[in-house]
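Each ligand, and each atom within it, is numbered from 1 in the order the structure gives.
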Amino acid sequence: MQARIDMLNDERLTGKGISAGILRTDLLHEHYGGNKWYKLRYNLQAAKEAGAKTILTFGGAFSNHIAATAAAAKEHHFSSIGIIRGEATEPLNTTLSFAAGCGMRLHHVSREKYGKKNTPEFLNELRAVFGDFYPIPEGGSNTEGVRGCTEIIGPAQDDFDTVMLACGTGATLAGVALSLQKTKRVIGVPVFRNGAFLQLDVDEHIRGFLRHYPAHVFEKPEILLQCDYHFGGYARQTGTLFGFVKQFEEKSAIPLDYVYTSKLLFAFYDLAQKNFFRKGERILLVHSGGLQGNTGILRKYFGKNESI
Ligand SMILES: *Cc1c(COP(=O)(O)O)cnc(C)c1O
């Protein structure tokens, strides 16, 4: 499915001789639109083919992936288990109460334990507690997740020169890069500190995908990271960022999430202002979703009673 593209109508862009559209993958599904929709589809298909009844996955307490997996599992008639990083707090936040409402069983583990989530020992321990399940890694960031992300851009690339997107694990960036023609470029904006190392993870995701799907033709577009737009770290906010989101939403009527797409759009406007793009360049910005997490971020920064 191809998401809609909303062109940005903005004199700050026309003044620089560039144009930009936003690929609204956030609109693909009410509860799990965004890149998680793409990252889950082949994972769920693989789970079905394996005859699995139960999906187990991992995430933080505000995780878009946890919310998306809970909703998608329910829709596709799987049971689901969410292994949540850190101790439980009562009452459940909006992300976790949504997931629980979809029928996901939530199991909190210490941060230390969570760090072992990819070891066979930990999975065996979980099997002893929960019985058989089909594991999907944090963020859905495995080969099947990357495969789904190769379908995000589709034929829309013919109308653009550059794709820009926000990065966590880099799996989405890898999938998008795998799908682009060699004349295109893709710019990733890591949303955490010291993002430069992500290049290695992106390369690893690409290599892993090509090992599984050797017939795939990878044209090797240019891949760039812009690492200076983390605003202090993962899920960190500043007044500047809140102000930018408010002003952008008022002007465009496109909602942004505070963890990923806000930093992406800020990076885009800042780079445009600094003449990073060449005249005539057409940029496609991927709206990767994540709006469900905004309630939690606003509570954290403004307290419980702030209207949202
Ligand atoms: C998970 C997520 C990302 C990051 O995707 P990666 O493949 O981990 O890089 C970006 N945007 C949103 C809204 C997300 O939920």
Side-chain angles (χ1 to χ4, degrees), residues 3 22-29 31-43 57-72 82 85 94-95 98-99 118 136-153 163-179 186-192 195-206 208-209 223-227 229-231 234-235 245 254-268 285-297:
I22 303 207
L23 185 68
R24 299 293 307 276
T25 75
D26 57 309
L27 299 176
L28 287 177
H29 190 281
H31 296 304
Y32 55 95
N35 63 344
K36 301 306 183 286
W37 189 84
Y38 290 94
K39 292 172 101 177
L40 280 169
R41 49 195 310 206
Y42 292 113
N43 272 302
T57 197
F58 306 87
F62 298 97
S63 163
N64 296 326
H65 169 69
I66 287 290
T69 305
R85 182 183 61 229
T94 41
T95 301
F98 171 78
N118 296 326
I136 296 179
E138 184 179 57
S141 297
N142 54 6
T143 298
E144 294 310 297
V146 171
R147 181 182 171 201
C149 293
T150 64
E151 297 175 2
I152 292 178
I153 307 297
V163 175
M164 260 184 99
L165 46 80
C167 297
T169 63
T172 304
L173 175 56
V176 166
L178 279 158
S179 74
V186 55
I187 303 173
V189 178
V191 299
F192 48 83
F197 81 84
L198 198 70
Q199 184 66 53
L200 297 175
D201 293 357
V202 172
D203 292 345
E204 188 49 44
H205 282 303
I206 289 175
F209 176 84
I223 301 177
L224 274 179
L225 294 175
Q226 287 289 341
C227 301
Y229 297 99
H230 53 73
F231 289 86
Y234 182 77
V245 169
I254 298 172
L256 299 177
D257 84 292
Y258 290 110
V259 178
Y260 293 100
T261 53
S262 56
K263 294 179 183 181
L264 168 69
L265 266 294
F266 188 98
F268 167 64
L285 301 144
V286 179
H287 194 314
S288 44
L291 298 168
Q292 71 82 28
N294 279 2
T295 314
I297 292 277

Can you check whether [Y]'s main-chain N or O pairs, donor with acceptor, with [X]'s side chain at less than 3.5 Å?
{"X": "Thr150", "Y": "Gly175", "answer": "no"}
{"X": "Lys36", "Y": "His65", "answer": "no"}
{"X": "Glu144", "Y": "Arg41", "answer": "no"}

May I ask whether Gly34 has any heavy atom positioned less than 4.0 angstrom from an atom of ligand 1? no
Does Gly170 come within less than 4.0 Å of ligand 1, judged by its heavy atoms?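 A heavy atom of Gly170 does come that close to ligand 1.
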Atoms of ligand 1 less than 4.0 Å from [X] heavy atoms?
{"X": "Cys167", "value": "9 (O)"}
{"X": "Gly290", "value": "13 (C)"}
{"X": "Thr172", "value": "5 (O), 6 (P), 7 (O)"}
{"X": "Ala171", "value": "7 (O), 9 (O)"}
{"X": "Lys39", "value": "5 (O), 6 (P), 7 (O), 8 (O)"}
{"X": "Gly289", "value": "13 (C)"}

Between Asn64 and ligand 1, which part of the residue brings a heavy atom under 4.0 Å of the ligand: side chain, backbone, both or neither?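 It is the side chain that touches ligand 1; the backbone stays farther off.
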Mode of Asn35 contact toward ligand 1 - side chain, backbone, both, neither (heavy atoms, under 4.0 Å): side chain
Is a donor from one side chain sitting under 3.5 angstrom from an acceptor on the other, for Glu151 and Ser179?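 Ser179 and Glu151 do not have a side-chain donor-acceptor pair below 3.5 Å.
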Would you sort out whether Leu225 and Leu173 count as a side chain to side chain contact (heavy atoms under 4.5 Å, CB included), showing the intermediate values? CA-CA 10 Å; Leu225 294 175; Leu173 175 56; 3.7 Å; yes
Closest protein heavy atom (residue, atom, distance) for [atom]:
{"atom": "atom 4 (C) of ligand 1", "value": "Gly168 N, 3.4 Å"}
{"atom": "atom 14 (C) of ligand 1", "value": "Lys36 NZ, 2.9 Å"}
{"atom": "atom 12 (C) of ligand 1", "value": "Tyr260 CD1, 3.3 Å"}

Which is it for Phe231 and Phe192 under the side chain to side chain contact (heavy atoms under 4.5 Å, CB included) test, yes or no, and what are the steps along the way? CA-CA 8 Å; Phe231 289 86; Phe192 48 83; over 6 Å; no
Closest approach of Pro137 and Thr57, non-hydrogen atoms and distance? O-OG1, 3.4 Å
Could you go step by step and tell me if Tyr38 and Tyr32 meet the side-chain hydrogen bond (donor to acceptor under 3.5 Å, both in side chains) rule? CA-CA 9 Å; Tyr38 290 94; Tyr32 55 95; over 6 Å; no
Ser288 versus ligand 1: do any nitrogen or oxygen atoms come within less than 3.5 Å of each other?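 Checking ligand 1 against Ser288, an N or O pair does fall under 3.5 Å apart.
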Would one find an N or O of Thr169, backbone or side chain, under 3.5 Å from an N or O of ligand 1?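 N/O-N/O distance under 3.5 Å: yes.
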Between Ile153 and Val286, is a side chain to side chain contact (heavy atoms under 4.5 Å, CB included) present by the stated rule, with each step listed? CA-CA 9 Å; Ile153 307 297; Val286 179; 4.0 Å; yes
